[in-house]
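Chain A is the first sequence line, chain B the second, and so forth, proteins listed ahead of strands; every chain is numbered from 1.
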Protein chains: 2
Amino acid sequence: MTTRAEATRARLQSAALDLFEQRGYRAVTVEEIAAAAGVSHMTFFRHFPTKERVLLDDPFDPVIAAAVAAQPDGTPAIERVARGLLSLVPLLDQEPTESARRAIAIAAREPELQAGMAANTAATERAIVEAAAPAGEETEMRIAAAACLAAVTAVLLDWSTDGSRRTLGALVGDAMTTVVPALSDAAVPAYAGAAS
Amino acid sequence: MTTRAEATRARLQSAALDLFEQRGYRAVTVEEIAAAAGVSHMTFFRHFPTKERVLLDDPFDPVIAAAVAAQPDGTPAIERVARGLLSLVPLLDQEPTESARRAIAIAAREPELQAGMAANTAATERAIVEAAAPAGEETEMRIAAAACLAAVTAVLLDWSTDGSRRTLGALVGDAMTTVVPALSDAAVPAYAGAAS
DNA sequence: GCCACAAGTGTTAGTCACTAACATCTGTTG
DNA sequence: CAACAGATGTTAGTGACTAACACTTGTGGC
């Protein structure tokens, strides 16, 4: 059941994406987005706390955190995080990622939006630490999460803009292999040697 | 020779730091900072492009980039970056870091400022890639830089607020060991085993 | 000392993101 | 249909940031 609020929210996101693509993030005002969605600017701010959030909305933290937590412990934190992220690759390659790609492509052009993406990353980092860090190893896990997520963000930016037709999954595989060279040795055959 | 502009800039930074500590980043207006420094708000914006920048000013990118570039190539990108950052530890432990610590402690409390720190990190990342990436390996280097810098940022936030009396250098050593476990084996004896 | 000249700063008048308070409308439930 | 809650609108702000133009202060040549 789609509530009225959900429909409004979706219209705002869609209108914002279109307008940002046409005229650039900076040049579009919240008023204009709201008008294009047929609502007032107050309604916009009831659905999104900031202009930035209408573009950079990311509800995947719990999924990512669970994937990391599912990795066997006992191995170094950075390997657990890397393997957890790799385990999500099949999911990535089947999702309807087109609107996400458009959003990231817009963010890639505006430095202020990359700061916003970093805020997303920080939230994901916290989720991973809470879900997957053994007691007493929170710092290690936070460092490992920060490192791996930064690497994923780096390839996300490429993927969104580059003409390169590589799948997001393959790029994430490369990123994890770069961060944890040991992964390419044997553990994840599907991605071994994928890095150039 | 200290120019008038440099003096004004320093007064603005100092006044901002004091006011932010007393009343919090959000609650202090640019007008108030400017007034405390004896100038108008327009002068503030001539010295700093945004309110955020008066706190998060970071001129160390060239030093960091050079330190990474100085590492021998042929090893994985992530090891070069990690070793480059480690080579700066002696410098860290002798610098007058007190105002930096105060600034980071303020930033640690405000999510919006952590986004600003991420913008700093992105700039550092670009500087490292430009200075140290062999032709054709830019992506690998960018991923490695993003990962290591994220790890350093994570410990910086701890260092600024925690009562822990560990030196910044020791914390950075731990961070690099977490990201590149291989470093603890032999290469950098001073930090081997420093991680808990 | 005086006179360009430029760098630094001030004033004023805006735009736009974002907030608070209160009114209105719409859909649902008894 | 009445009552109620969720969703939206209106209005009136605050504060970050910009543009245009005037002014002031320090510096070098005469």
*Asks:* The side chain of V39(B) is closest to which nucleotide in this list: dG10(C), dA21(C), dC18(C)?
*Replies:* dG10(C)
*Asks:* Does any non-hydrogen side-chain atom of D58(A) lie less than 4.5 Å from one of T124(A)?
*Replies:* yes
*Asks:* Under a 4.0 Å threshold between the charged nitrogen and the carboxylate oxygen, would R83(A) count as salt-bridged to E79(A)?
*Replies:* yes
*Asks:* Looking only at the side chain of H41(B) (C-beta and beyond, no hydrogens), which of the listed nucleotides dT26(C), dG10(C), dC17(D) gets closest?
*Replies:* dC17(D)
*Asks:* Does the side chain of Y25(B) come within less than 4.5 Å of K51(B)'s, by heavy atoms?
*Replies:* yes
*Asks:* So, R9(A) and E6(A), do they make that salt bridge, N to O below 4.0 Å?
*Replies:* no
*Asks:* Touch check for T43(B), heavy atoms < 4.0 angstrom, all strands: base, sugar-phosphate only, or nothing?
*Replies:* sugar-phosphate
*Asks:* Within the 4.5 Å heavy-atom criterion, are L149(A) and I128(A) side-chain neighbours or not?
*Replies:* yes
*Asks:* A side-chain contact here means heavy atoms from C-beta on lying under 4.5 Å apart; do R102(B) and F20(B) qualify?
*Replies:* no
*Asks:* Output the single nucleotide from dT19(C), dG10(C), dT9(C) whose closest atom is nearest the side chain of M42(A).
*Replies:* dT19(C)
*Asks:* Between dA17(C) atom P and E112(B) atom CD, what is the distance in whole Å?
*Replies:* 16 Å
*Asks:* Any side-chain N or O of T8(B) less than 4.0 Å from the OP1 or OP2 oxygen of dT9(C)?
*Replies:* yes
*Asks:* Measure from CD on E31(B) to C1' on dT11(C) and round the result to the nearest Å.
*Replies:* 12 Å
*Asks:* Could you give the CD1-to-P distance, from I33(B) to dG15(D), as a whole number of Å?
*Replies:* 13 Å
*Asks:* In whole angstroms, how far is the C1' atom of dT10(D) from the CZ atom of R46(A)?
*Replies:* 10 Å
*Asks:* Send over the distance from E32(B) CD to dT14(D) P, rounded to a whole Å.
*Replies:* 14 Å
*Asks:* What orientation do F45(B) and H41(B) show, parallel under 30°, tilted 30 to 60°, or perpendicular over 60°?
*Replies:* perpendicular
*Asks:* When the distance from CG of L113(A) to P of dA17(C) is rounded to whole Å, what number comes out?
*Replies:* 13 Å
*Asks:* With respect to the phosphate group of dT9(C), does any side-chain polar atom (N or O) of H47(B) fall under 4.0 Å of OP1 or OP2?
*Replies:* yes
*Asks:* Quick one: F45(A) CZ to dT10(D) C1', roughly how many Å, whole number?
*Replies:* 16 Å
*Asks:* What parts of residues 20-29 of chain B reach DNA chain D, counting only heavy atoms under 4.0 Å away?
*Replies:* V28(B), T29(B)
*Asks:* With respect to the side chain of V30(B), which nucleotide from dT9(C), dA16(D), dC22(C) is positioned closest?
*Replies:* dA16(D)
*Asks:* Mind calculating the distance between CZ (F48(A)) and P (dC18(C)) to the nearest angstrom?
*Replies:* 13 Å
